[in-house]
K.L.:
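Following this message is one structure expressed as structure tokens.
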There are 2 protein chains.
Amino acid sequence: MPRAQSDTKAEIRAVALDLFGQKGYEKTSLREIAERLEITKAALYYHFPSKGDLLRALIDPLRQDSEDLVRRFDGPVDDPRELLGAYFDLCVRHGTLMRALLNDLGSLTEAGLVELVMDWRSRLDAALVGENPGTPARMGAVVALGGIQDIAVVLPYGDAAAHREAAVEIALAALRAGTSGMD
Amino acid sequence: MPRAQSDTKAEIRAVALDLFGQKGYEKTSLREIAERLEITKAALYYHFPSKGDLLRALIDPLRQDSEDLVRRFDGPVDDPRELLGAYFDLCVRHGTLMRALLNDLGSLTEAGLVELVMDWRSRLDAALVGENPGTPARMGAVVALGGIQDIAVVLPYGDAAAHREAAVEIALAALRAGTSGMD
DNA sequence: GTCTATACGTCGATAGAC
DNA sequence: GTCTATCGACGTATAGAC
């Protein structure tokens with residue numbers, strides 16, 4: 001009896017996320033995924049036209065959420081705290097996926113995520129310090145956003161949200177050291 | 001006539017670094033490297049026992065330099081500026097290799113560099129804020145070191161060293177915001 | 001619409017001759 | 001030190017059963 005419409009597709013995604021997270025994208029073969037689902041490689045090929053498409057399907061929620069954030073802050077920002085806090089929240093919300101990606105950096109490149117993130121970051125930089133800031137000001141923005149991300153994704157292993165305010169304050173200090181220190 | 005003893009080995013390393021940097025480690029095949037040197041795949045295996053060993057040989061200078069830095073600051077530091085500056089210098093010194101690795105994040109995992117870097121970073125964190133700092137203090141250290149690295153590797157595309165002082169000041173601001181802000 | 005059987009070309013790696 | 005020949009596993013692809 002055939003399964004319900006999107007049932008197999010969902011099962012494939014679940015198993016793939018698990019295996020990619022454990023062994024990494026490149027080192028996980030389609031044969032392994034198929035064996036664990038007790039189907040064949042070719043059946044996978046019916047649901048996802050390639051291994052890369054399967055990976056991209058897993059990453060899509062993070063991608064869409066990030067695009068929303070960038071659109072929301074598409075211009076000069078009066079209170080950096082708002083942007084820094086929202087960026088923190090996003091990193092926490094997708095923390096599980098982001099930690100999995102950290103353990104498998106290769107898939108970032110494979111999924112074309114690196115270029116996307118670089119683009120988002122430069123647009124958020126611009127929202128924080130303008131389009132053509134002095135070099136130190138740009139440094140401050142780079143450190144502020146990168147720092148928020150490091151804290152939210154790497155540090156917590158539990159209650160990340162509890163340290164949201166402290167993280168924002170630290171990022172703000174770096175941002176100010178860049179914009180006011182010299183120019 | 002056979003080449004001089006280590007000549008072929010050096011040529012392999014040069015071609016491999018070039019191709020890995022252009023197309024990434026996983027997507028560069030040994031056949032390509034061999035063809036460009038006008039030898040066969042099997043000849044590569046005489047000089048390097050595996051593809052991974054070839055990659056590790058390329059990364060070794062960075063690894064050794066980093067280990068030296070960690071050993072040099074193995075304990076409490078009175079002037080964080082010194083550590084932050086030295087870390088900046090290291091990132092600039094190996095900037096070409098580090099940018100190549102950024103374009104090919106998969107090789108970081110492949111070479112086992114991720115665990116090594118996490119270990120170095122946590123030891124440098126300890127040198128900055130002690131073994132068991134409060135959470136905000138640890139955050140400050142994470143942002144300071146991560147920020148130095150981002151600035152030195154990603155920003156410059158040219159005169160990185162010119163901005164060394166500004167980078168150290170920004171990192172210092174984040175560090176202080178963590179240690180003094182609350183505890 | 002969902003899946004199996006089967007195959008193709010390439011990969012990293014090895015064995016053994018010269 | 002370099003070669004030819006070969007291996008099993010991989011991602012991909014198509015034909016056809018149900």
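Each chain gets a letter, A, B and so on, in the order its sequence line appears, and its residues count up from 1.
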K.L.:
Counting side-chain heavy atoms from C-beta on, which of D:dC3, C:dG1, C:dA13 comes nearest to A:Tyr46?
P.N.:
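So the nucleotide nearest the side chain must be C:dG1.
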K.L.:
Taking only the side-chain nitrogens and oxygens of B:Tyr45, find out if one of them lies under 4.0 Å from OP1 or OP2 of C:dA13.
P.N.:
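So the side chain of B:Tyr45 is within the cut-off, an N or O lying under 4.0 Å from OP1 or OP2 of C:dA13.
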K.L.:
Are B:Lys9 and B:Phe48 in a cation-pi setup, meaning NZ or CZ lies under 6.0 angstrom from the ring centre and within 45 degrees of the ring axis?
P.N.:
yes
K.L.:
Take the protein atom CD1 of A:Ile33 and the nucleotide atom P of D:dA9, then report the distance between them rounded to whole Å.
P.N.:
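Whole-Å distance recorded here is 17 Å.
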K.L.:
I need the CG-C1' distance between B:Leu44 and C:dT14, as an integer number of Å.
P.N.:
14 Å
K.L.:
Does a side-chain N or O of B:Thr40 approach OP1 or OP2 of D:dT2 to a distance below 4.0 Å, or not?
P.N.:
no
K.L.:
Between atom CG in A:Asp53 and atom C1' in D:dT12, what is the gap in whole Å?
P.N.:
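About 12 Å, once rounded to whole Å.
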K.L.:
Quick check on contacts: within residues 14-32 of chain B, what sits under 4.0 Å from DNA chain C by heavy-atom distance?
P.N.:
B:Thr28, B:Ser29, B:Leu30, B:Arg31
K.L.:
So that I can tick it off, tell me whether B:Arg123 and B:Asp119 are bridged by a salt bridge, with the cut-off set at under 4.0 angstrom between side-chain N and carboxylate O.
P.N.:
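So B:Asp119 pairs with B:Arg123 through a salt bridge.
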K.L.:
How about CZ on B:Arg56, more than 12 heavy atoms from neighbouring residues, nucleotides or ligands closer than 6.0 Å, or not?
P.N.:
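Above 12, so yes.
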K.L.:
Using a cut-off of less than 4.0 Å, is there contact between a side-chain N or O of B:His47 and OP1 or OP2 of D:dT2?
P.N.:
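Checking B:His47 against D:dT2: at least one side-chain N or O falls below 4.0 Å of OP1 or OP2.
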K.L.:
Taking side chain as C-beta onward, heavy atoms only, is B:Leu145 less than 4.5 Å from B:Asp125?
P.N.:
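Yes, their side chains come closer than 4.5 Å.
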K.L.:
What nucleotide, of C:dA13, D:dC3, C:dA5, holds the atom closest to the side chain of B:Ala42?
P.N.:
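Closest nucleotide among those given: D:dC3.
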K.L.:
B:Tyr25 ring centre to B:Lys51 NZ or CZ under 6.0 Å, with the angle to the axis within 45°?
P.N.:
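So B:Lys51 does make the cation-pi contact.
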K.L.:
Measure from CZ on A:Phe48 to C1' on C:dT2 and round the result to the nearest Å.
P.N.:
14 Å
K.L.:
Take atom CD1 of A:Ile39 and atom P of C:dG1, then tell me their distance rounded to the nearest Å.
P.N.:
18 Å
K.L.:
May I ask you to test the A:Arg36-A:Asp18 pair for a side-chain heavy-atom distance under 4.5 Å?
P.N.:
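In short, these two side chains touch, coming nearer than 4.5 Å.
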K.L.:
Please give, in whole Å, the distance from D:dT14 P to A:Lys41 NZ?
P.N.:
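In whole Å, D:dT14 P and A:Lys41 NZ are 14 Å from each other.
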K.L.:
Expressed in angstrom and rounded to an integer, what is the separation of A:Lys51 atom NZ from D:dG11 atom P?
P.N.:
4 Å
K.L.:
Answer yes or no: is there an ion pair linking B:Asp104 with B:Lys27, defined by an N-O contact shorter than 4.0 Å?
P.N.:
no
K.L.:
Considering just the side-chain nitrogens and oxygens of A:Thr8, establish if one lies under 4.0 Å of OP1 or OP2 belonging to C:dC3.
P.N.:
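Yes.
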